[in-house]
Asker: 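I am attaching a structure below and will ask some questions about it afterwards.
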Amino acid sequence: MNVIYAIDVDFMSFESSSTIESVLHEQRVFSPSLDESNKCRISGLNSYQKMVDEAQVDPIKFWGDAARKELHWFEPFTNVLNWNNPPFAKWFEGGKTNISFNCLDRHLKTSNADKCALIWEGEPGDVRRFTYKELHSEVCKTANALKSLGIKKGDLVALYMPMVPEAAIAMLACARIGAPHSVVFGGFSSEALRDRLIDGDAVAVITADGGFRKDKEVSLKPAVDAALAGNSCPNVKSVLVVQRTKADIEMQSGRDYWWEDVVTPQSSDCDPEYMDSEDRLFVLYTSGSTGKPKGVVHTTAGYNLWAHLTFQWIFDIRSDDIYWCTADVGWITGHSYIVYGPLSNGATTVMYEGVPRPSNPGAFWELIQKHNISIFYTAPTAIRAFMKMGRAIPDEFDLTSLRLLGTVGEPINPEAWMWYRDVIGREQCPIVDTWWQTETGGVMISPLPGATPTKPGSATLPLPGIEADVVDSDGLSVPANEGGYLVVKRPWPGMMRTVHGNEKRFRESYWEFLRPKDGSYIYFAGDGARRDTDGYFWVMGRVDDVINVSGHRLGTMEIESALVSHDAVSEAAVVGRPDSVKGEGIVAFVTLESGRASTEELQTDLINHVSSEIGPIARPDEINFSEALPKTRSGKIMRRILRDLAAGADVKGDTSTLEDRSVLDKLRN
Ligand code: WTA
C-alpha cells in the first residue's frame with residue numbers, strides 16, 4: 001500500500017481536533033518572577049533569544065560546543081553534522097562515547113559519587129535507594145551478567161519489565177556493553193511483545209515474574225513464555241528474570257535465568273564499550289498511521305546530548321532537586337526523563353512502580369510529601385483525573401517542596417493547566433508544557449522556567465536550535481493563528497535516525513509527506529498546530545490516524561487489524577472521540593460476517609479480543625455494529641465522518657464523495 005496515500009490527513013482535522021473543548025478562556029500570561037528567573041541558567045527571554053540566535057547563525061558551532069562541554073568523549077568527534085544524504089543524519093561523526101559512562105562513571109569522580117541517583121518506591125510501599133556509586137556497581141554487574149549470557153555489542157535485548165530499579169539498571173547495562181535495548185511496555189500483550197521481538201531480532205529478553213499495579217499482581221513472565229512459544233522467536237536464546245512478586249512461574253532450563261543467580265555473583269567492574277556516536281542505542285516501537293508499530297531508532301551521542309541538554313534547560317536542574325517523572329520506562333518519556341536525562345545530569349530521579357488507585361487516590365501527593373520532591377512531571381490525563389476527584393485529596397498533603405511542574409503526552413486544556421498551577425503548584429510553580437515525540441528523542445517545544453512567559457494550553461516556543469513551524473500542504477508557513485502541520489525544518493541531535501528495518505517508511509512517513517518546492521527536507525510530526533501572533537505554538541493533536549488515549553499513542557489501523565482478526569468481524573474502522581479525562585476514547589465501527597448476530601456478548605468479546613491482541617490500553621470504549629462503513633468511491637473509509645458520529649456531532653464537511661449516501665442514515669440509526 002502507498003503509505004502516503006493512506007495517511008488520512010485533511011484540514012478538517014484542525015477543526016475537529018481531538019483537543020478537549022475548552023470552556024475556560026484564560027487570557028492571562030504568567031511570567032517568571034524576577035527572583036525565580038535570576039536563579040535559572042537561562043534567565044529571561046533575552047538569554048533564551050541569544051541562544052536561539054547563536055544556534056540559528058552557526059548551528060555547527062552551537063551543537064559542537066554543547067557536545068564537547070556536556071558529554072565525555074573517549075575520542076573526540078571530527079564532524080558535527082553530516083546531512084549530505086537527507087533525511088539520514090549523522091551527528092558527531094568520528095566520536096566515541098558511552099551513555100552509561102556519561103550517566104554514571106563521570107559522576108564518581110565528583111561530589112556526586114555518594115549522592116542519591118535513584119529513589120524507587122514500590123506500590124506496596126517498599127523503598128530502595130541507590131547512590132551513583134551503588135548504581136554504577138549494579139549496572140556493571142548486570143553488564144557482566146549479560147556478557148556471561150553471550151550477549152555482544154550490537155545484539156538487541158528486549159526488556160519487558162515492571163517499574164522496578166532493575167529496568168533502569170538493565171537499560172544502562174545494555175548501553176554499557178553496546179547492546180541496543182528495545183523496551184516493550186509491560187502492559188502490552190504477548191502478541192504485541194512477540195511482534196516486537198521478531199521485528200527487532202532480539203537475542204534476549206529481560207523480564208520479571210510480575211509487578212504490582214492498582215493493588216493487584218500483574219504477571220509478566222507467562223506473557224514472555226507465550227511470546228516465545230512454538231519457537232516463534234528462534235533468535236531469543238536467554239531470558240533473564242527479576243523476582244518481584246514471587247509468583248509461581250515456570251523456568252525453562254537452558255533458556256531462563258534468575259537475575260539473582262546470574263547478576264549478583266558478577267564483578268562490579270565492567271569497562272564501558274567505546275561506542276561510535278552513530279551506534280544504535282535503542283529501538284522503541286511506536287504507533288503510526290499505517291501498518292504495525294514502527295521501531296524508532298536512536299543512536300548514542302546525539303540522543304545522549306539531546307536528553308541531557310533538554311533536561312538541563314527545561315527543568316533547570318539544581319544539585320538539591322528531587323525530580324519525579326510519573327511515566328513508565330516502556331515509553332520514550334521514561335527513557336529520556338526517568339533514566340538518561342536525569343542521570344546524565346547527575347540528578348536524583350524518582351521511580352514509582354504504581355499508579356494512583358481507588359484505595360489510595362492521594363498516592364502521588366503522598367510520594368511528593370514523603371520524598372520532598374521538587375520537580376514533578378506528569379501527563380494531562382492524570383491532572384484531569386485528579387481534578388475530577390477534587391482538591392480535598394491533594395490538600396491533605398504538604399506539597400511545599402515543589403518548585404516546578406511539567407506536563408507531557410497530549411495537549412493540556414487551560415482548565416487542567418490552571419488547576420495544576422493553583423492546587424498542586426500553590427500558584428508558585430512555573431509550568432512547563434513540553435511538546436515532543438518518541439521520534440524527536442527529547443522535548444522540542446517548551447517554556448523555560450526562568451525565561452518564557454506561559455499561556456495556559458500553549459507549549460510556547462521551540463528550544464534553541466529547533467526550527468519548528470506550522471505549514472500548509474506545500475510546506476509553506478501559514479499566517480499567525482491559522483491551523484497547519486507542525487514541522488521541524490532543520491536536523492537536531494536527538495532526531496530518530498530511521499525506522500528499524502524500513503528506511504522507506506522512515507522517509508515516507510516523516511520526510512516526504514511535505515516536500516517544499518526548494519527540495520529541502522522538513523520533518524512532519526503528524527500533529528496539527530497553530531502559532532499565535534507572539535509565535536507561541538498551540539498543538540491541536542494528531543492529524544493522522546493516530547489516537548492519543550491517556551497520553552498513549554495508538555494507531556487506529558492496529559486496533560482495526562486486531563478487530564478483523566476475530567472470526568465474527570468482516571470490516572472495522574476505529575476513531576477517537578473526545579474524552580474529558582483520557583483526552584480521547586476509542587470507538588469502533590464494525591461490520592459482521594454474514595450470519596453473526598450483533599449481540600452484547602459479542603461486543604464484550606471483541607473488546608476482550610483487542611485487549612489480548614494488543615493490551616488493555618487499546619480496549620475500545622464502544623463498539624458499534626453497522627451494516628456498512630462510509631467509503632469513498634475508491635474504497636477508502638471516511639474516518640472523519642465516523643469521528644463526527646462518534647463524538648455525537650453533526651457530520652461536517654463534504655459528503656459528496658461517499659460511495660453510498662444511505663450508509664450515513666444507517667449509521668446514524
Ligand atoms: C502528543 C510522548 C500536545 C502529540 C512524548 C505527539 C503532545 C505525540 C504534547 C507523541 C504536548 C506530546 N502537547 N500534544 N505537550 N506532548 N503530545 O511518541 O500528538 O508517545 O505527536 O511521545 O503526543 O507521543 P509519544
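Along the sequence shown, residues are numbered consecutively beginning with 1. Small disclaimer: the values here were computed from a predicted structure and weren't measured. Atoms within a ligand are numbered from 1 in the order they appear, just like the ligands themselves.
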Asker: Could you tell me how the ring of Phe185 sits relative to the ring of His552: parallel (under 30°), tilted (30 to 60°) or perpendicular (over 60°)?
Answerer: tilted
Asker: Return the set of residues passing salt bridge (charged side-chain N to carboxylate O under 4.0 Å, His left out) with Arg530 (not counting sequence neighbours), or none when no residue passes.
Answerer: none
Asker: Between the side chain of Arg553 and the main-chain N/O of Ser287, is any donor-acceptor distance below 3.5 Å?
Answerer: yes
Asker: Just to be sure I understand the cut-off, which residues have at least one non-hydrogen atom under 4.0 angstrom from an atom of ligand 1?
Answerer: Ile332, Thr333, Val408, Gly409, Glu410, Pro411, Asp433, Thr434, Trp435, Trp436, Gln437, Thr438, Asp527, Val539, Arg542, Asn548, Arg553
Asker: Would you say the ring centers of Phe386 and Phe364 fall short of 6.0 Å from each other?
Answerer: yes
Asker: Ring centroids only, cut at 6.0 angstrom: are Phe311 and Trp306 within range, meaning strictly under it?
Answerer: no
Asker: Going by atom types alone, do Asn102 and Asn304 pair a side-chain donor with an acceptor below 3.5 Å?
Answerer: yes
